[in-house]
Amino acid sequence: MEVSESITSAPRMMNSMTLGDVAQDLVHSFDGANIAVSCRDGTVSVFKTMKLFTPLTWSRTTPPPDPETKLHVAPPNADHAAGTVLWGRGPTERFMYTSSEAHDSDGAGKDQGFHRAHDISRGRVLFPFSANESGDAGAVSPDGSTYVLITCGENNQHPIRLYDVARKSGHAIAETTLEPSASQVATFEATTATFSSEGRLLAVARSDNVVHMYDIRALTKGPLAAFRHEELDAVGSTGYGAVHACWVEGRDRRRVGIVSGGNDGCVRVWDPSIASSDKSQGKVLARTEFDVAYFAMGDMWMGEKPLVLGHCGGGLYVYDHLDADGLPIC
């Protein structure tokens with residue numbers, strides 16, 4: 001159910017800074033020590049978290065701190081924006097993976113992209129990835145050894161490639177192509193890719209309102225299952241499809257599920273252990289009158305709210321531990 005909470009104290013701005021161009025994304029490293037800010041000018045600036053969020057670091061008369069490192073995701077003459085930016089983890093925690101996208105989505109070179117692995121500790125490019133299409137989405141495995149990159153090339157083809165980044169290799173060890181859209185939308189993009197906690201399964205959310213699940217050990221065999229939100233609204237805009245997906249686990253980690261938000265206005269949960277055609281699939285955790293713009297799942301065992309949802313109508317909702325049927329969200 002939706003809950004309203006009183007605000008005990010108004011938020012205050014601790015610090016501010018001006019970047020060289022429009023900021024597109026902000027990504028924390030897994031240890032929380034660094035923040036990467038990607039910009040439309042094709043740069044990624046890396047800051048120390050403590051320097052940004054310690055009030056005593058800045059005063060009104062001193063300038064904000066400079067980034068520890070500033071990366072370029074493409075050659076200067078490419079006129080590309082920064083796309084997907086991801087941190088490594090575990091043995092690759094000092095690595096950062098970047099993709100680029102052409103500014104002009106309809107012009108020459110619109111299907112071209114640059115994909116690189118960077119060593120943040122040294123501020124240099126480690127190696128390029130073999131893909132050369134425009135960036136779509138990516139994911140890093142929980143143990144940090146594997147990187148999945150999804151791109152978009154000519155004729156709306158979407159290659160998905162698997163890389164062994166622990167060995168610092170930019171050559172794909174497995175590759176296939178996302179299945180074409182089965183909906184009324186002729187073109188689509190991969191909006192999110194995310195690994196399950198054991199690193200074996202991969203969920204890919206797509207703008208055609210579907211989530212595909214892969215076993216990365218058999219990537220070339222195609223998706224194990226397809227979980228579809230309700231059909232796109234035929235009136236007006238076709239929306240953004242399945243904008244986000246994440247994995248959830250029971251407390252004992254024996255049960256896992258995929259949660260996704262689509263432009264049917266619903267956040268739904270899918271069970272990978274049963275057939276995708278089963279009537280119990282797609283249980284609604286939250287429903288709004290607008291397309292889902294983004295959602296985040298909290299860990300209720302850590303005292304966090306289980307679901308925060310923002311929709312395209314400008315609304316933001318915080319949900320408690322019960323779903324629309326009065327059952328615990330797990």
Could you label the plane-to-plane angle of the Phe95 and Tyr97 rings as parallel, tilted or perpendicular, counting under 30° as parallel and over 60° as perpendicular?
perpendicular

Return yes if a side-chain donor-acceptor contact under 3.5 Å exists between His80 and Ser100, otherwise no.
yes

Salt bridge or not for Glu179 and Arg206, using N-O below 4.0 Å?
no

Nearest heavy-atom approach of Cys39 to Leu19 is SG-CD1, 3.9 Å

Side-chain (Gln24) to main-chain (Ala82) donor-acceptor, under 3.5 angstrom:
yes

Identify whether Val37 and Phe30 are in the same connected component of the hydrophobic contact network (ILVMFWY, side-chain heavy atoms under 4.5 Å).
no

Taking side chain as C-beta onward, heavy atoms only, is Asp31 less than 4.5 Å from Trp87?
no

So, the side chain of Asp136 versus the backbone of Ala190: is there a donor-acceptor pair under 3.5 Å, distance only?
yes

Quick check: does any side chain N or O of Asn155 sit under 3.5 Å from a backbone N or O of Gln157, one acting as donor and the other as acceptor?
no

Is there a donor-acceptor pair closer than 3.5 Å between any side-chain N or O of Arg116 and the backbone N or O of His72?
yes

Donor-acceptor check, side chain of Trp247 to backbone of Val256, threshold 3.5 angstrom: yes or no?
no

Do you know which two heavy atoms are closest between Leu149 and Tyr163, and how far apart they sit?
CB-CE1, 4.0 Å

Tell me whether Arg167 at atom CZ has more than 12 heavy atoms from other residues, nucleotides or ligands lying less than 6.0 Å away.
no

Val148 with Phe188, same ILVMFWY side-chain cluster at under 4.5 Å:
yes

Would you say Phe129 and Phe114 are hydrophobically clustered, going by side-chain heavy atoms of ILVMFWY under 4.5 Å?
no

Could you tell me if the side chain of Val267 sits less than 4.5 Å from the side chain of Val292, heavy atoms only?
yes

From Thr176 OG1 over to Ile160 CD1, what is the distance, rounded to the nearest 0.5 angstrom?
8.0 Å

His311 ring center near Phe290 ring center (under 6.0 Å)
yes

Give the intermediate values and the outcome of side-chain hydrogen bond (donor to acceptor under 3.5 Å, both in side chains) for residues Ser260 and His229.
CA-CA 9 Å; Ser260 62; His229 283 257; 2.7 Å; yes

Begin from the C-alpha positions of Val165 and Phe127 and carry the test side-chain contact (heavy atoms from CB on, under 4.5 Å) through to its verdict.
CA-CA 10 Å; Val165 289; Phe127 53 87; 4.3 Å; yes

CG (Leu307) and CE (Met297) are apart, to the nearest 0.5 Å, by 5.5 Å

Which atom of Asp215 lies closest to which atom of Leu201, heavy atoms considered
CA-CD2, 4.1 Å

Within the 4.5 Å heavy-atom criterion, are Tyr214 and Leu219 side-chain neighbours or not?
yes

What one should report as the nearest heavy-atom pair of Thr191 and Ser207 is CG2-N, 4.0 Å

Do His115 and Ser99 have side-chain heavy atoms sitting under 4.5 Å apart?
yes

Candidates Leu126, Val27, Val46, Asn34 - the one meeting side-chain contact (heavy atoms from CB on, under 4.5 Å) with Met96:
Val46

Evaluation steps, side-chain contact (heavy atoms from CB on, under 4.5 Å), between Arg228 and Val210:
CA-CA 4 Å; Arg228 302 182 185 279; Val210 66; 3.6 Å; yes

Tell me, with the steps shown, if Asn263 and Val243 meet side-chain contact (heavy atoms from CB on, under 4.5 Å).
CA-CA 8 Å; Asn263 68 324; Val243 293; over 6 Å; no

Do Leu71 and Tyr147 share a hydrophobic cluster, counting only Ile, Leu, Val, Met, Phe, Trp and Tyr and linking them when any side-chain heavy atoms are less than 4.5 Å apart?
no

Return yes if some donor-acceptor pair links the side-chain N/O of Gln281 with the main-chain N/O of Asp271 below 3.5 Å, else return no.
yes

Which pair of heavy atoms, one from Val73 and one from Ala81, lies closest together, and at what distance?
CG2-O, 4.1 Å

Give, for atom OG1 of Thr49 and atom CD1 of Ile35, the distance between the pair rounded to the nearest 0.5 Å.
4.0 Å

Might you confirm whether atom NE2 of His171 has over 12 heavy atoms from other residues, nucleotides or ligands at distances under 6.0 Å?
no

Apply the test side-chain contact (heavy atoms from CB on, under 4.5 Å) to residues Thr151 and Arg161: give CA-CA distance (whole Å), side-chain angles for both, the deciding distance (0.1 Å), then the verdict.
CA-CA 9 Å; Thr151 56; Arg161 299 177 175 95; 3.5 Å; yes

Once you round to the nearest 0.5 Å, how far does OG of Ser29 lie from CD1 of Ile120?
10.0 Å

Consider only side-chain heavy atoms of I, L, V, M, F, W and Y, link residues closer than 4.5 Å, and tell whether Ile150 and Ile173 are in one cluster.
yes

Please check if the side chain of Thr92 supplies one atom and the backbone of Gly144 the other of a donor-acceptor pair under 3.5 Å.
yes

If only atom types and distance count, is the side chain of Asp25 paired as donor or acceptor with the main-chain N or O of Thr84 below 3.5 Å?
no

Indicate the atoms forming the closest heavy-atom contact of Pro306 with Tyr319, along with that distance.
CD-O, 3.3 Å

Ser145 OG to Arg89 CZ distance, which is reported to the nearest 0.5 Å:
11.0 Å

Taking C-beta and beyond as the side chain, do Cys266 and Glu230 meet within less than 4.5 Å on heavy atoms?
no

Asp143 side chain to Gly90 main-chain N or O, any donor-acceptor pair under 3.5 Å?
no

Spatial distance of atom OG (Ser280) from atom CH2 (Trp270) [nearest 0.5 Å]
10.5 Å

